[in-house]
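Every chain is numbered from 1, with letters handed out A, B, ... down the list of sequences.
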Amino acid sequence: MLALIDSNNFYVSAERVFQPELRDKAGCVLSNNDGCAISRSNEAKEDLGIKMGTPFFLMREKQQAGQLWWRSSNYTLYQDMMRRITAIVRDTFPDQEIYSIDECYCDLTTFKCHDLEQVALKLRQRIFQYTGVPVCIGIGATKTLAKIANKIAKKKYRETGVFYMDSQEKITASLKATEVGDVWGIGARYAQKLIRDGVHSAFDFINLPEDYVLKLMTIQGRRTYRELRGERCISMEYERPDKEGISTARSFNCMITELAPLEEAMACYVANAAFKMRSQKSVTGKLMVFAQTSQFLEPSERYSRDTVIRLTSPTNDTATLIKEAVKGLRRIFIKGYRYQKVGVELRDLRPDTQVQAAMFDPLAMERKNKMQQVLRAVDNLNKNFGRDTIRYAAMGYEKKWAMRQEYLSRRYTTRIEDVIIVNAK
Amino acid sequence: MEEIKLFERGTAHTLIPLFAEKIHAGFESPAADYEEARIDLNDYVTKYPAATFFARVTGECMVGSGIFPDDLLVVDKSLTPQSGDIVVGIIDNEFILRSYYVKNGKEYLMPDNTYYKPIERTETTHFEIWGVVPHSVLDQRRRNSARINRFEQLLR
């Protein structure tokens, strides 16, 4: 059996742990740039009809009327809460795959226990007590079935939050209650085709002949089909492979026409990506930079271009990378367009141990070692005292172009200045 | 620095002193076999790091328990409150610091101050226990002036 543990409205729930005044009230967490809703409380979904992606301006009236609260996305906080939850889960179910920021799969094959449901109920209770975040647990024979079980736990068993698909009757009833388009792995396009062919529920789907599914939806579709029939086709991924490329790109809060602020933003994104790369102990041999305008402009005002820069030797040094990325940006920048986004992707990543030593140049070797020490010190300072404590001059100070995050809560769990205040009056 | 380290709870802070210097051929350090991990304050103050949070105190109602304004609290949500514990509770959507008592099946919260009456948990006065405070961190140097004042008064 496999379990899928999924936090309910994770970002909203994480905010509520440290801000009790947000409980029981409709609220949502906004996307990067405060653009739209990306996590909603049950009240916001059910009473106010706020959807995933409802834009900021459509919710403003409700927020001003006091019917709705909102927060900018506080990823530092969510990441830390996720780490806590996965650690607690691991104490019960050690074979764990962290699938996303709010979901993890656990393989229960080796788990010796007669009453899995009881164990899951206890675990759910413990996660809630220890972190304040409510989760739901779905248990099924495959990842795809566990996902369905989890959805049912969320919808039908809100109080207990656990659904264990342990009998053929439960599986059949669950598949009948699941629309084919809601099955993990069946995209909107295939769902449309299936519905046209009279396949409405997941149950209809598994009763199709396998050849038919293979023909219509290729091997991917057959994998989902077999998973739904209880055959494990998607295995657990315990070790995340190192990311192939690391990219950072964000939209500005306004259109930018000048080169200087674009360079500043580029430098910031490069510094960010380089930091991530060093923390996974990699170096990069190639970087891709791009600049683009909004795609919603008139065609004559639209522009999008990228360029790839090959480095003479792989590096993890922020200063070198900023220099190269800015060079690339100057190459693709054309005056006259109103830019909305620039970004960088570090490619051709390899372990930093694979870097060829400059064997015949002891001086260069020593310079390199010194640089590594400096980078490590800078990374540690930024980790401990907050991002951008030490920064490169090219990154600028004002960041007028930076993302809007006007409704950001504090970093309650990672910064000592930001911890909750407890009243002893 | 010390305070910030408290936050970064993790294996990285279990510092193990390794002998980094080259050991000259001939004499091995006689202490090499006696290496131990250094004392880690985190191990002492938290039983369950994933459920441990920190908080800052405002107000003086817990002075009787040695908790002063601006002190740092270790809050462990994995602990079940026992009678006599100091807890972080929530009343009227606000985090409050009180001591916790159970008597005859009834639960109470009380400031450590004789002028206050205990609050009983009932249908109408609802409170929630957010976490138990097993330790608090008092910055002794911040209390220097208070001690000096007392000293001066006694001299007079």
Open item on the list: Surrounding CZ of B:Arg147 (heavy atoms of other residues, nucleotides or ligands, distance under 6.0 Å), is the total greater than 12?
Closed with: yes
Task: Sequence-distant partners of A:Tyr130, ring pair (Phe, Tyr, Trp, His ring centres under 6.0 Å), two or more places apart - done: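 Result, ring pair (Phe, Tyr, Trp, His ring centres under 6.0 Å) vs A:Tyr130: B:Tyr48.
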- [ ] Under the ring pair (Phe, Tyr, Trp, His ring centres under 6.0 Å) rule, collect the residues that match up with A:Tyr75, sequence neighbours excluded.
- [x]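 Only A:Tyr11, A:Tyr78 meet the ring pair (Phe, Tyr, Trp, His ring centres under 6.0 Å) criterion with A:Tyr75.
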What's the shortest heavy-atom distance between [X] and [Y], and which atoms?
X       : Y        : value
B:Asn93 : A:Pro20  : OD1-O, 3.3 Å
A:Ile88 : B:Ala50  : CG1-CB, 3.9 Å
B:Val57 : A:Ala424 : CG1-CB, 4.0 Å

Taking atom [atom1] of [X] and atom [atom2] of [Y], what is their separation to the nearest 0.5 Å?
X        : Y       : atom1 : atom2 : answer
A:Asn423 : B:Cys61 : CG    : SG    : 7.5 Å
B:Asp92  : A:Glu21 : CG    : CD    : 12.0 Å
A:Ile421 : B:Leu97 : CD1   : CG    : 12.0 Å

- [ ] Measure distances from A:Asp80 to the heavy atoms of chain B and classify the residue's part below 4.5 Å as side chain, backbone, both or neither.
- [x]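 Contact with chain B involves no heavy atom of A:Asp80 at all.
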Open item on the list: Tell me whether B:Trp130 contacts the main-chain N or O of A:Gly132 through its side chain, where contact means a donor paired with an acceptor under 3.5 Å.
Closed with: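 Not a single qualifying donor-acceptor pair exists.
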Task: Under 3.5 Å: donor-acceptor pair, side chain of B:Glu60, backbone of A:Lys425 - done: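 No: the side chain of B:Glu60 does not pair with the backbone of A:Lys425.
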- [ ] Evaluate the criterion salt bridge (Lys or Arg N to Asp or Glu O under 4.0 Å) for residue pair B:Glu128 and A:Arg23; output intermediate values, then yes/no.
- [x] CA-CA 13 Å; B:Glu128 180 191 325; A:Arg23 295 177 188 190; 2.6 Å; yes
Open item on the list: Go through it in stages, so that I can follow the logic: the residues are B:Phe53 and A:Phe18, the test is ring pair (Phe, Tyr, Trp, His ring centres under 6.0 Å), and I'd like the CA-CA distance, side-chain angles, deciding distance and then a yes or no.
Closed with: CA-CA 10 Å; B:Phe53 297 84; A:Phe18 305 96; 5.7 Å; yes
Task: chain A contact via B:Ile96 - which portion, at a heavy-atom distance below 4.5 Å - done: both
Task: Interchain contact, B:Ile129 with chain A, by part (heavy-atom threshold 4.5 Å) - done: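 Nothing of B:Ile129, per the 4.5 Å heavy-atom cut-off to chain A.
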- [ ] Determine the option with the most heavy-atom pairs under 4.5 angstrom with chain A, choosing from B:Lys77, B:Arg98, B:Met62, B:Glu94.
- [x]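 Result: the option with the highest number of such pairs is B:Lys77.
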Task: Check against side-chain contact (heavy atoms from CB on, under 4.5 Å), B:Val88 and A:Val422 - done: CA-CA 7 Å; B:Val88 170; A:Val422 180; 4.1 Å; yes
Task: Heavy-atom side-chain proximity of A:Ile416 to B:Leu72 below 4.5 angstrom - done: yes
Task: Geometric cation-pi criterion A:Arg415 and B:Phe54, 6.0 Å radius, 45° cone - done: no
